[in-house]
Amino acid sequence: MNDAHLPVERLSIILGEVKEVRVTQKGPRRTRLDVAADALPALLELLKGRAGFVHLSAISCVDWPDDAQFELVYHLWSYELNLLVSAHTRIDRDPGVYVSVYDIYHPAGFFERDIHEMYGVFFEGAPDMEKFILTEWDGPPPMRKEFDSEGWVNDHFDWQDYRPDWLLELEAQGGGVMIPPDEQRFSRRGIEDNDDAG
Amino acid sequence: MRAENYEARNHPPSNEFEINFGPNHPGIEGNYALKVKVHGDEIVAARADGGYLHRGFEKLMEQRLWIQNIALVPRICVPDPAPMEVAYSMAVEQLCGLEVPQRAQWLRVLLLELSRLAAHLFTFGGHAATTGMYTPMFWGVADRDLLLDLFEELTGGRVYSIYNIPGGVRRDIPDDFLTRLSDTLDYIDSRLPDYDNLLFTNQVFVRRARDAGPVSQAQALDWGVTGPNLRATGLAFDVRRDDPYLVYDELEFDIPTEQPGDAWARTLVRRGELLQSIRILRQVIDRLPDIGGPIRAPIPNPLAWNVPAGEAYVRIESSKGELSWYVVSDGGDKPYRVHIRGPSSMHAVQVLEHLVTGCRIEDVAQIMFSLDACPPEVDR
């Protein structure tokens, strides 16, 4: 049997034609590709057209603030070869602009919209960059690593005492089951105290 | 919801009206909204509007220990929670290089297939109710309850089982559990002729569901449709067979397909899957007593567990389609990044908007249920 019929072989023949792509075999049906940002759309086009990777399973975004970069991962599946290829690329965190691959893969529309909303990456040429989940959100993109959700809550909301009057009365008489916040086993204060002690 | 978001931005012609389906609407699965523009009773434009079920799981998981997230993950998809737990556990195991004991893998298959049965029974009921037939809904929910009893017995939880942890499962099956499981499967099997009469061959249902929201195979591949919705267009693809995980390569099952790709075909595929899940569970009942050994691999102290740096992409066939988890670790005690790709993130947004446009207003709910869209999975 010709090696070209074996899925992995056929993929490697096609990838041999692409310059500057690093191929890592992660498992029997998992291949990782690392590619420069400007070469990625052409690579996707080639994988879809020549190797039958017609299914865009997902686009994942990973924030690497120490490198000042976003990592974009395009997970592609081929129904013919039964192989998953994850194409990794990195773009600068500032200004955080990349090209849309909607023309190649229509599911990208949803993922790019989601990444734009959660990370603030703008995809040029995407048909729809409107907010979807965080319609009323005016703050910074919340999935970025520097976004501190607890800090945001403390800055924007007040903590409330949720004990109703009848419970306060009961407690004043010595009844009810009340554990003061400091003594709660999992309270933040307890953890911080332990940190100080340790 | 602020008022300005509900103002019609482009002043429509006076014979077109904008109607909001949801976020609280009996014809919508979960809290999800579909803003449709109608001309008479024909939909001329549709826009999905999510976010009502957004709980920020991906961010929350970055702030919790690897083991703490176990309690969080099944809540991502309410009707079919087991695949979420298994996918997360499998991702952590891949990162750590943990070998899961055989018995735990079989127990996971048992849980996954039970969950698929429960989810499909729920969907049949929902789909029937959108066509005006409420009896299958009551039956579906009542029969699903018998499966929930089994979940309760096995895991302690009726809906969110929190049964899987990285390395294996939390507990072994109780005494005589397999007998009771077998009895329940026999009962569900015996109910199928009733379901056929009431729903699957009932002309009231068939005539409504036929030609509602048709998708061709080319369109399905183009839009990223997966799972039963893809198999209803004639493509026999199932992650369990074509990208096997756990012990699915040792099990015998068929992949039901249909050609037309409409709401009717999608429901028939699910009916076929119900039978296949029962078939798989019967094989599990036969094989499980012979598989000994531990039910979980030893893991480090879970409260001080630094998972080695790396990435894992796990795919699972949930009852709704391809569920994938991308998990990145930087070597810390919490996940660095978790990305959840629920099958419904395609079905409930782009696909639904496409399919609903051009149909009549009474078919909107039916199309959404026939796609088995699960909004909590989209909003995460």
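Letters A, B, ... are given to chains in the order of the sequence lines, protein chains preceding strands, and every chain is numbered from 1. Please read all numbers here as calculations on a predicted model, not as lab measurements. For the numbers below, each heavy atom of this structure counts, side chains included, while hydrogens, waters and symmetry mates do not.
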Strictly below 4.0 Å, N to O, side chains only: are [X] and [Y] in salt-bridge contact?
X	Y	result
A:Glu71	B:Arg337	no
A:Asp114	B:Arg380	yes
A:Glu130	B:Arg47	yes

Non-hydrogen atoms of chain B under 4.5 Å away: do they reach the side chain of [X], the backbone, both or neither?
X	result
A:Arg113	side chain
A:Phe111	side chain
A:Tyr79	side chain
A:Asp63	backbone
A:Leu84	side chain

What closest approach, in Å, do [X] and [Y] show between heavy atoms, and which atom pair accounts for it?
X	Y	value
A:Pro107	B:Gln350	CA-OE1, 4.0 Å
B:Asp379	A:Ile133	O-CD1, 3.7 Å
B:His339	A:Ser60	ND1-OG, 2.8 Å
A:Ser57	B:Arg315	OG-NE, 4.4 Å

Let me confirm one number: the [atom1]-[atom2] distance from [X] to [Y], rounded to the nearest 0.5 Å.
X	Y	atom1	atom2	value
A:Arg29	B:Asp242	CZ	CG	9.0 Å
A:His75	B:Arg341	NE2	CZ	10.5 Å
A:Phe110	B:His347	CZ	NE2	12.0 Å
B:Gln63	A:Asp148	CD	CG	7.5 Å
B:Phe237	A:Asn82	CZ	CG	6.0 Å
A:Thr135	B:Tyr52	OG1	OH	6.5 Å

Whether B:Lys59 side chain and A:Pro142 backbone form a donor-acceptor pair below 3.5 Å: yes
Part of [X] lying under 4.5 Å from any heavy atom of chain A:
X	value
B:Pro375	neither
B:Leu230	side chain
B:Ser324	side chain

For a 4.5 angstrom cut-off between non-hydrogen side-chain atoms, does [X] reach [Y]?
X	Y	value
A:Arg32	B:Glu311	yes
A:Trp77	B:Thr226	no
B:Leu221	A:His55	no

Among the options B:Ala48, B:Gly51, B:Pro343, B:Gly56, pick out the one with the most heavy-atom pairs lying under 4.5 Å from chain A.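 Most pairs with chain A among the choices: B:Gly51.
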Picking from B:Asp243, B:Leu235, B:Leu53, B:Asp330, which has the most non-hydrogen pairs under 4.5 angstrom with chain A? B:Asp243
Highest number of heavy-atom pairs under 4.5 Å with chain B: which of A:Leu56, A:Leu134, A:Val73?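 That would be A:Val73.
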Picking from A:Gly27, A:Ala108, A:Cys61, A:Ser86, which has the most non-hydrogen pairs under 4.5 angstrom with chain B? A:Cys61
Cation over ring, A:Lys26 on B:Tyr313, under 6.0 Å and within 45°? no
Near-ring test A:Trp64/B:Tyr336, centroid separation under 6.0 angstrom: yes
What verdict does the side-chain contact (heavy atoms from CB on, under 4.5 Å) test give for A:Phe132 and B:Val378, after you've listed the backbone C-alpha separation in whole Å, the side-chain angles of each residue and the deciding distance to 0.1 Å? CA-CA 10 Å; A:Phe132 178 64; B:Val378 185; 3.7 Å; yes
Answer yes or no: are there more than 12 heavy-atom neighbours, outside A:Glu146 itself, under 6.0 Å from its atom CD?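 Check passes, neighbour count above 12.
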